[in-house]
Chemist: 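Here you go, one structure.
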Amino acid sequence: MEFHVIINPAAAAGRTLKLWRKIKPLFDRVTCTVHFSSLDHDIRAICAQLTAHLQENIGIILIGGDGSMNDAVNGIQDFVHTCVGLIPCGSGNDMVRDMDLDKDVTKLVQIMLEGRVRRTMDIGETAIFHPACFMDHQTKQISDGGPDPFVQKFLVSSGFGYDAAICQQVFLSSAKAKLNKIHLGSLIYVLIALKLILKQKNAPVVLTLDGKREMVDRATFLSVHNHCYEGGGFKFCPYADAEDGMLDVCEAFGFHLLSFIRVFLHAYNGSQVKYTDHVGQRRAKVIRMHSDVPLWVHCDGEVYCKTRDVQMRVLDEKLQFLL
């Protein structure tokens, strides 16, 4: 198998590049091409180019976190002939938290270079209908207009409402880069969550699960999960399984500051599900949500649009994972 290593040298406060320099000798025994992403040629574009006309299997190994994996899965053109591996080096790393991976990076590399698919992972897709506004990721400016529907794949989770608003504010904040330098990048999610909950306005959301409609009154957010975790370690969907062909939904409703603190203190181990007056759990293959007011939507923590109408579904394609 031919391997391609993709590195965003600016990610994780430069730790990705330092890690690559450390482990580079491990790749000397295989056919390997190294790609460094940039603003002009990002991970999504690199993956699209590598997988556009495949005849044989290739291995793509990323050094990064959930954002890097999201870029990769949205760039890959051929999931049949593409095998993916990850060397975790992100601030959140929610995807790998429930995968029971070895902490030894050398062992992870050795496993991936065997070129054997060890699990097939579900891929989620979010379709954002009639977007109210877009956020440009390069300029960080918000503007009207854009494709309808706007479609984005996800591996970890996709959220509608408060959790997406947190991701949007994290993206705009300069504090995340500073915290990443001292290995506390996930703390920014908690700080912004506390800030936003003070002015959070809950709204009714019509939720449709595999064609069956229900009303979520005073919805704070609804997050759809492939993996258990979100936001740097919050176990919002403790029963989610990324290989079962289903998506798990976390309904969070009726939150204010005191209830937020009471419930979210338990969200790191998943025990918040006992607070049924504020949290609900659902499962489905296709989830549609409609709100009377535009809300932010995120895919694996990446935020592009606000909308009143969004759909998440699990795709037939599977991600072939080398770990």
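Along the sequence shown, residues are numbered consecutively beginning with 1.
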Chemist: Any salt bridge linking Lys235 with Asp98? Criterion: basic side-chain nitrogen under 4.0 Å from a carboxylate oxygen.
Modeler: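 A salt bridge is absent here (no side-chain N lies under 4.0 Å from a carboxylate O).
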Chemist: I want to check something: taking the side chain as every heavy atom from C-beta on, are Val224 and Met289 in contact at a cut-off of under 4.5 Å?
Modeler: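 Heavy-atom side-chain distance check passes, below 4.5 Å.
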Chemist: My understanding is that only residues two or more places apart in sequence, or in another chain, count here; which of them pass salt bridge (Lys or Arg N to Asp or Glu O under 4.0 Å) with Glu214?
Modeler: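 Listed in chain order: Arg282.
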Chemist: Can you confirm whether the side chains of Asn269 and Ser271 place a donor and an acceptor under 3.5 Å from each other?
Modeler: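 Yes, Ser271 and Asn269 have a side-chain donor paired with an acceptor closer than 3.5 Å.
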Chemist: Please enumerate all residues that pass salt bridge (Lys or Arg N to Asp or Glu O under 4.0 Å) together with Lys306, with sequence neighbours excluded.
Modeler: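 Salt bridge (Lys or Arg N to Asp or Glu O under 4.0 Å) check on Lys306 returns nothing, list empty.
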Chemist: Using side-chain heavy atoms (C-beta onward) and a distance below 4.5 Å, is Ser158 in contact with Val297?
Modeler: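 Answer yes - side chains close enough.
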Chemist: Using the side chain to side chain donor-acceptor pair (under 3.5 Å) rule, take Gln49 and His41 through it: C-alpha gap first, then chi angles, then the decisive distance, then the call.
Modeler: CA-CA 10 Å; Gln49 184 178 8; His41 197 52; 3.2 Å; yes
Chemist: Return the orientation label for the Phe260 and Tyr162 ring planes: parallel under 30°, perpendicular over 60°, tilted otherwise.
Modeler: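 Perpendicular.
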Chemist: Do other residues, nucleotides or ligands put more than 12 heavy atoms under 6.0 Å from Lys103 NZ?
Modeler: no
Chemist: Does atom OH (Tyr268) have a neighbourhood of more than 12 heavy atoms from anything else shown, all under 6.0 Å?
Modeler: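 More than 12 heavy atoms, drawn from other residues, nucleotides or ligands, come within 6.0 Å of this atom.
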Chemist: Do Thr208 and Ile287 come within less than 4.5 Å of each other through their side chains, counting heavy atoms only?
Modeler: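 Contact flag for Thr208/Ile287 side chains = no.
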Chemist: Is the closest side-chain heavy-atom distance between Arg118 and Leu322 below 4.5 Å?
Modeler: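 Counting from C-beta outward, Arg118 and Leu322 never come under 4.5 Å.
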Chemist: Check this for me, if you would: do Lys285 and Asp316 make a salt bridge, where the nitrogen-to-carboxylate-oxygen distance has to be below 4.0 angstrom?
Modeler: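 Judged by the 4.0 Å cut-off on N to carboxylate O distance, Lys285 and Asp316 do not form a salt bridge.
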Chemist: Are a donor atom and an acceptor atom from the side chains of Asp309 and His130 found within less than 3.5 Å of each other?
Modeler: no
Chemist: Apply the ring-ring contact (aromatic ring centres under 6.0 Å, His included) test between Phe221 and each candidate in Phe236, Phe253, Phe234, Trp296; give the one that qualifies.
Modeler: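 Considering Phe236, Phe253, Phe234, Trp296, a ring-ring contact (aromatic ring centres under 6.0 Å, His included) with Phe221 is found only for Phe236.
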Chemist: To check you understand the geometry: which heavy-atom pair defines the closest contact between Met246 and Asp122, and what is its length?
Modeler: N-OD2, 3.9 Å
Chemist: From Ile43 CD1 over to Leu50 CG, what is the distance, rounded to the nearest 0.5 angstrom?
Modeler: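 Separation between the atoms: 11.5 Å.
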Chemist: Answer whether the closest heavy-atom distance between the side chains of Val249 and Ser223 falls below 4.5 Å.
Modeler: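 Side-chain contact under 4.5 Å: no.
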Chemist: Would you give the length of the straight line joining atom CG of Asp163 to atom CD of Glu230, rounded to the nearest 0.5 angstrom?
Modeler: 4.5 Å
Chemist: Should Asp300 and Lys153 count as an ion pair when the cut-off is N to O under 4.0 Å?
Modeler: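 Salt bridge flag = no for Lys153 with Asp300.
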Chemist: Would a line drawn from the ring center of Phe134 to the ring center of Phe150 be shorter than 6.0 Å?
Modeler: yes
Chemist: Hey, would you say the Phe27 and Trp20 ring centroids sit under 6.0 Å apart?
Modeler: yes
Chemist: Does any non-hydrogen side-chain atom of Phe264 lie less than 4.5 Å from one of Phe255?
Modeler: yes
Chemist: Heavy-atom distance under 4.5 Å between the side chains of Pro131 and Pro294, does that happen here?
Modeler: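 They are not in contact (no side-chain heavy atoms under 4.5 Å apart), so the answer is no.
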Chemist: Hey, are the side chains of Met121 and His227 touching, using non-hydrogen atoms and a 4.5 Å cut-off?
Modeler: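 Contact flag for Met121/His227 side chains = yes.
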Chemist: I would like to know whether Asp78 and Thr51 meet side chain to side chain donor-acceptor pair (under 3.5 Å); could you show each step before the answer?
Modeler: CA-CA 6 Å; Asp78 182 346; Thr51 62; over 6 Å; no
